[in-house]
Peer 1: 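Take this structure first; my questions come after.
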2 protein chains.
Amino acid sequence: MVRKSPASPEPQYLKVQNHLRERIASGHWVAGDLLPSEAELVQTFGVSRMTVNRALRELHQEGLIERVQGVGTFVAQLHRISSTLTVRDVHDEIAERGHRHEAVLHRLETLKATAEQAAEFELPAGAELFHSVIVHLENGVAIQCEDRLVNPLCAPDYLAQDFSQSTPTHYLLQVAPLSEARYTIESTLPSESEAKLLGISRRDPCLVVKRSTLSRGRIVTTVRLTHPGSRYLLQGSFQA
Amino acid sequence: MVRKSPASPEPQYLKVQNHLRERIASGHWVAGDLLPSEAELVQTFGVSRMTVNRALRELHQEGLIERVQGVGTFVAQLHRISSTLTVRDVHDEIAERGHRHEAVLHRLETLKATAEQAAEFELPAGAELFHSVIVHLENGVAIQCEDRLVNPLCAPDYLAQDFSQSTPTHYLLQVAPLSEARYTIESTLPSESEAKLLGISRRDPCLVVKRSTLSRGRIVTTVRLTHPGSRYLLQGSFQA
DNA sequence: GAGTGGTCTAGACCACCTT
DNA sequence: AGGTGGTCTAGACCACTCC
């Protein structure tokens with residue numbers, strides 16, 4: 001009993017979804033309101049329950065509705081505006097803007113971990129870590145200073161890479177499959193060396209992203225990405 | 001033929017999903033690799049194709065795999081680390097940390113839109129806008145200066161609200177259902193008045209979130225949220 | 001034509017909540 | 001007991017890609 005007419009590119013579950021989406025966006029239902037049950041929507045749209053269920057499940061995953069077993073489906077309290085923030089490989093990001101990317105390698109070395117660093121990587125005190133400092137330029141302008149520590153157990157050949165050709169992010173994702181990452185975003189002043197490398201004043205505010213990346217339960221790398229505030233911003237959007 | 005044993009809290013589609021997730025996280029399959037087809041997974045796990053399909057569809061929605069009709073399913077190129085960044089009502093955020101929230105109202109007025117502002121709100125030049133400036137305190141410490149413009153057509157009673165009790169975000173979400181939002185996050189120095197209101201130096205870097213919120217296709221409000229860099233950071237995590 | 005994923009159905013059993 | 005959502009099945013038709 002499939003009734004897919006030839007000129008119907010829009011799947012049924014999307015029809016249900018868009019109908020509900022519009023009614024919510026238009027204020028026909030407001031936060032907390034009870035939506036029609038799956039059985040009612042089955043009647044209204046003349047589709048099977050699995051189709052209605054998929055439409056509702058996806059709206060739930062988006063955070064637009066709340067579902068309570070045994071009770072019903074409600075419009076979510078949209079007291080938060082969440083959206084997917086993407087922290088990307090800086091090379092791809094620049095390339096996508098149609099600009100030229102250059103990387104200048106300032107350090108690539110082995111160093112002894114401080115007690116704090118060793119603890120973070122769960123390595124014995126005094127263990128060796130790889131360290132790199134790279135400045136990324138967009139059309140010749142410095143937009144990011146990448147100061148990175150790498151766990152030698154996860155990427156033993158790190159020091160042998162040519163980072164004028166490929167970024168550390170790109171290389172590390174190849175050798176160590178990403179399983180988890182944690183990051184913070186903050187606004188601070190640059191260190192003296194960062195200011196020098198980026199060609200800015202120590203008084204210029206910077207957007208700093210700190211990130212730890214895990215693979216197979218081990219910390220692969222920690223990085224501090226410092227961006228001159230005047231040359232870089234994060235942006236995003238949210239659609240109900 | 002449902003074989004749900006009483007002591008199996010984990011749904012079948014999650015078993016399939018977790019199996020694939022682990023194989024990808026462990027490096028058994030790397031970016032670009034071809035995964036087993038749905039038909040093969042049906043055999044392997046002894047479940048129906050709908051169940052396998054759901055497992056794969058959700059992994060695709062998460063960005064972990066790519067699917068090409070007529071070809072197959074592949075491990076996605078994880079050249080980006082994306083995660084859900086949530087910009088929330090500051091009251092909820094503080095309350096969730098178990099801290100005390102206070103709001104100090106500094107301005108609540110009507111003003112004539114500049115040409116630029118009028119254009120942004122799609123209103124005639126010189127139209128009236130509502131304007132509020134509120135400083136939010138967490139346990140008595142200023143963490144956010146909220147400078148907001150509101151479209152009177154969307155929230156005519158804005159000026160009559162008691163913002164020591166409820167936040168503008170909360171009120172506006174009630175009167176104007178959220179349909180879309182756009183935001184940027186950047187690092188800059190505070191204006192003179194912001195520095196004064198937050199009790200910081202004009203040289204202290206700040207994390208600034210600018211956001212426009214739409215409802216029914218109209219811009220309801222624009223806001224500039226200024227946070228002292230030393231007292232506020234955004235954080236998030238990502239799980240493959 | 002064979003294999004892939006995209007969608008859909010008409011049932012089903014279950015856990016849960018309300019009454 | 002009756003309604004709700006959560007999950008699952010064993011089929012089906014379709015569009016697409018590759019050979």
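Numbered from 1 within each chain, the chains take letters A, B, ... in sequence-line order.
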Peer 1: Counting side-chain heavy atoms from C-beta on, which of D:dC8, C:dC8, C:dG6 comes nearest to B:N53?
Peer 2: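 Among D:dC8, C:dC8, C:dG6, the one nearest the side chain of B:N53 is C:dG6.
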Peer 1: Tell me which residues in residues 36-44 of chain B lie within less than 4.0 Å of DNA chain C, going by non-hydrogen atoms.
Peer 2: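 By residue number: B:S37, B:E38.
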Peer 1: Does the separation of the ring centres of B:H136 and B:H101 fall below 6.0 angstrom?
Peer 2: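 Centroid distance B:H136-B:H101: below 6.0 Å, so yes.
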Peer 1: Strictly by modelled atom types, are B:R21 and B:S26 linked by a side-chain donor-acceptor pair under 3.5 Å?
Peer 2: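 Result is no, nothing qualifies.
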Peer 1: Go through D:dC8, C:dC8, D:dT17 for me and flag the one nearest to the A:P11 side chain.
Peer 2: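 For the A:P11 side chain, the nearest candidate turns out to be C:dC8.
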Peer 1: In degrees rounded to 10°, what angle is found between the helical axes fit to the five outermost pairs at each end of the helix from C:dG1-D:dC18 to C:dT18-D:dA1?
Peer 2: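 Answer rounded to 10°: the end axes differ by 0°.
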Peer 1: Taking the side chain of B:R49 as its heavy atoms from C-beta onward, which of D:dC16, C:dT9, D:dA12 lies nearest to it?
Peer 2: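 Closest nucleotide to the B:R49 side chain: D:dA12.
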Peer 1: Taking the side chain of B:V47 as heavy atoms from C-beta outward, which of D:dG6, C:dC8, D:dT9 is closest to it?
Peer 2: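 So the side chain of B:V47 is nearest to D:dT9.
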Peer 1: Would you say a side-chain N or O of A:T73 is under 4.0 Å from OP1 or OP2 of D:dG5?
Peer 2: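 A:T73 to D:dG5 OP1/OP2: side-chain N or O found under 4.0 Å.
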Peer 1: Between C:dT4, C:dA15, D:dC8, spot the one nearest the side chain of B:Q12, thanks.
Peer 2: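 Out of C:dT4, C:dA15, D:dC8, the nucleotide with an atom closest to B:Q12's side chain is D:dC8.
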Peer 1: Of A:H60 and A:G70, whose nearest nucleotide on DNA chain D comes first from the 5' end?
Peer 2: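 Its nucleotide being nearer the 5' end, the pick is A:G70.
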Peer 1: Does C:dC8 have OP1 or OP2 under 4.0 Å away from a side-chain N or O of A:Y13?
Peer 2: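 No, outside the criterion.
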Peer 1: State, to 0.1 Å, how close B:H28 and B:D33 come at their nearest heavy-atom pair, and which atoms those are.
Peer 2: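 Scanning both residues, the minimum pair turns out to be O-OD2, 4.3 Å.
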Peer 1: Near A:E122 CD, under 6.0 Å, is it more than 12 heavy atoms from other residues, nucleotides or ligands?
Peer 2: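 Open.
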Peer 1: So which heavy atom on B:S212 is nearest to which on B:E120, and how close?
Peer 2: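 In this case the closest contact between B:S212 and B:E120 is OG-OE2, 3.6 Å.
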Peer 1: Is any side-chain nitrogen or oxygen of A:T51 closer than 4.0 Å to OP1 or OP2 of C:dT9?
Peer 2: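 So the side chain of A:T51 is within the cut-off, an N or O lying under 4.0 Å from OP1 or OP2 of C:dT9.
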Peer 1: On the 0 to 90° scale, with breaks at 30° and 60°, tag the A:Y158-A:Y171 ring pair as parallel, tilted or perpendicular.
Peer 2: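 Ring orientation of A:Y158 relative to A:Y171: tilted.
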Peer 1: Between A:R54 (CZ) and D:dC8 (C1'), how many Å, whole number?
Peer 2: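 Rounded to the whole Å, the gap is 16 Å.
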Peer 1: Among the candidates D:dC8, D:dG5, C:dT9, find the nucleotide nearest to the side-chain atoms of A:R67.
Peer 2: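 For A:R67, the side-chain atoms sit closest to D:dG5.
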Peer 1: Have a look at B:E38 and tell me which of B:R49, B:R57, B:R54 forms a salt bridge (charged side-chain N to carboxylate O under 4.0 Å, His left out) with it.
Peer 2: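 Testing B:E38 for a salt bridge (charged side-chain N to carboxylate O under 4.0 Å, His left out) against B:R49, B:R57, B:R54 leaves exactly one candidate, B:R49.
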Peer 1: Output the single nucleotide from C:dT9, C:dA15, D:dC8 whose closest atom is nearest the side chain of A:S48.
Peer 2: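 Looking only at side-chain atoms, A:S48 lies closest to C:dT9.
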Peer 1: B:N18 and B:E10: side-chain donor and acceptor closer than 3.5 Å?
Peer 2: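 A donor-acceptor contact under 3.5 Å links the two side chains.
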Peer 1: Looking at every non-hydrogen atom in both residues, tell me the closest pair between B:I219 and B:C154 and how far apart they are.
Peer 2: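 Where B:I219 meets B:C154 most closely, the heavy atoms are O-SG, 4.1 Å.
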